[in-house]
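Reviewing the structure listed below.
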Amino acid sequence: MSRAPTAGTVVPGKDQISGVAGALKACALVSGLDETEIYDVAARSSVMRFKTNRRIFEEGEDCAGLWVLTRGRVRLLHLMADGRQHAVGFHAPTAAIDLEAAVDGRAYMTTAVTLTDSEFVFVPRLVLTQLAEDYPITIRNAMQQLCLEVRQRDITAAIAALKDARGRIGCTLLQLARQFGVQDGSAIRIDYPLTRQHIADRAGVTVETAIRVMSEMQQLGVVATDNQIISILDIIRVREAINCEECQFECGVFAEQAGNTTPLRRR
DNA sequence: TCATTAACCGTCG
DNA sequence: CGACGGTTAATGA
């Protein structure tokens with residue numbers, strides 16, 4: 001079923017397809033596929049762009065396909081009855097957003113909102129099922145991704161149940177540092193804007209509590225915020241503050257896949 | 001709109 | 001009782 005474009009043929013929108021293919025290439029879901037095969041997938045997908053703070057899909061809505069984030073930042077959340085939000089997680093390229101819904105074809109489990117201007121490759125569900133038939137390796141890739149998410153959720157649930165507000169906020173910051181941290185001198189900068197509300201939603205506390213805790217940390221000089229860009233100045237002290245050493249949760253699963261040489265790993 | 005502070009108050013160990 | 005954290009209100013940027 002895989003079709004390479006005929007040589008010499010002028011395919012309408014060929015440039016766009018190449019663009020999609022280029023964006024897709026880095027996605028773990030299609031790793032193991034060759035150029036032609038990725039091009040084949042790209043030809044049946046489309047690119048969508050969203051401004052900051054736009055809904056991509058909503059919890060409960062039927063899943064029409066898979067959104068692969070190729071540029072920007074996304075947060076996944078549950079909207080709760082009292083109007084508060086619980087942020088399930090944050091995503092960077094090239095994450096498959098709410099892969100579980102795309103795989104089982106049931107309703108989305110979360111609402112996805114862009115945190116910054118973002119770009120996605122949308123792979124329709126029909127194409128996904130074809131993909132699974134044509135390239136079994138994508139099934140394994142998907143399982144791999146899903147396993148990672150299960151592990152992440154498991155740890156997140158444990159942290160939510162067992163840690164107090166400081167612990168949850170500290171863990172949130174460390175997870176963000178793992179996922180999005182860029183070295184900036186001796187500090188680690190989380191490379192996109194996050195409001196106190198975002199941190200609070202992720203940690204499961206109110207904004208005021210997030211502020212209370214983060215103000216203390218700023219006064220101790222372990223973190224700093226500049227225009228909603230959070231930097232962790234002293235990662236050791238953050239970890240000490242939340243008893244990282246004695247914590248048995250393996251938060252290494254929050255590191256973005258590849259050459260996982262994160263300096264945050266304990267032991 | 002976001003960040004911050006502070007007073008107040010209920011829960012729980 | 002006292003720590004913790006949610007609620008509410010006020011203020012400034």
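Treat the numbers as computed from the prediction; the structure is a model and nothing was measured. Each chain gets a letter, A, B and so on, in the order the sequences are listed, and its residues count up from 1.
- If you check the side chains of A/Q197 and A/D201, you find a donor sitting under 3.5 Å from an acceptor.
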Which pairs would a plain distance check flag for residues 76-85 of chain A, meaning a side-chain donor or acceptor within less than 3.5 Å of a matching protein atom at least two apart in sequence or in another chain?
residue, atom, partner, partner atom, Å
A/H78, ND1, A/E59, OE1, 3.3
A/H78, ND1, A/E59, OE2, 3.3
A/H78, ND1, A/M109, O, 3.3
A/D82, OD1, A/R84, N, 2.9
A/Q85, OE1, A/R75, NH2, 2.9

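- The nearest pair of heavy atoms linking A/A23 to A/V121 is CB-CG2, 4.1 Å.
- The interatomic distance linking A/D226 (CG) with C/dA13 (C1') rounds to 15 Å, in whole Å.
- Counting distance only, with no hydrogens placed and no angle test, the side-chain atoms of A/R212 and the base atoms of C/dG6 include a donor-acceptor pair under 3.5 Å.
- At the heavy-atom level, A/S215 lies under 4.0 Å from the strands shown only through sugar-phosphate atoms.
- Both A/V213 and A/E208 lie close to DNA chain C; mapped to their nearest nucleotides by heavy-atom distance, the more 5′-ward contact belongs to A/V213.
- Nucleic acid contact class of A/V205 (heavy atoms, under 4.0 Å, all strands): sugar-phosphate only.
- For A/D191 and A/R73, the salt-bridge test passes: some basic side-chain N is under 4.0 Å from an acidic carboxylate O.
- First and last contacts of DNA chain B with chain A, using any nucleotide atom under 4.0 Å from a protein heavy atom and ordered 5' to 3', fall at B/dC2 to B/dA7.
- Here the C1' atom of nucleotide C/dT8 and the CZ atom of A/R84 are 14 Å apart, to the nearest Å.
- In this structure, CZ of A/R168 is placed 12 Å from C1' of C/dG6, rounded to the nearest angstrom.
- In terms of position along DNA chain B, the nucleotide closest to A/Q228 lies nearer the 5' end than the nucleotide closest to the other residue of the pair A/Q219 and A/Q228.
- Distances shorter than 4.0 Å separate none of the side-chain N or O atoms of A/T209 from OP1 or OP2 on C/dG5.
- Ring geometry, A/W67 versus A/F50: the interplanar angle exceeds 60°, so the pair is classed perpendicular (tilted spans 30 to 60°).
- The side-chain contact (heavy atoms from CB on, under 4.5 Å) test with A/R44 singles out one residue from A/L128, A/V127, A/L126, A/I17, and that residue is A/V127.
- Atom CD of A/Q197 is separated from atom P of C/dG6 by 12 Å (rounded to the nearest Å).
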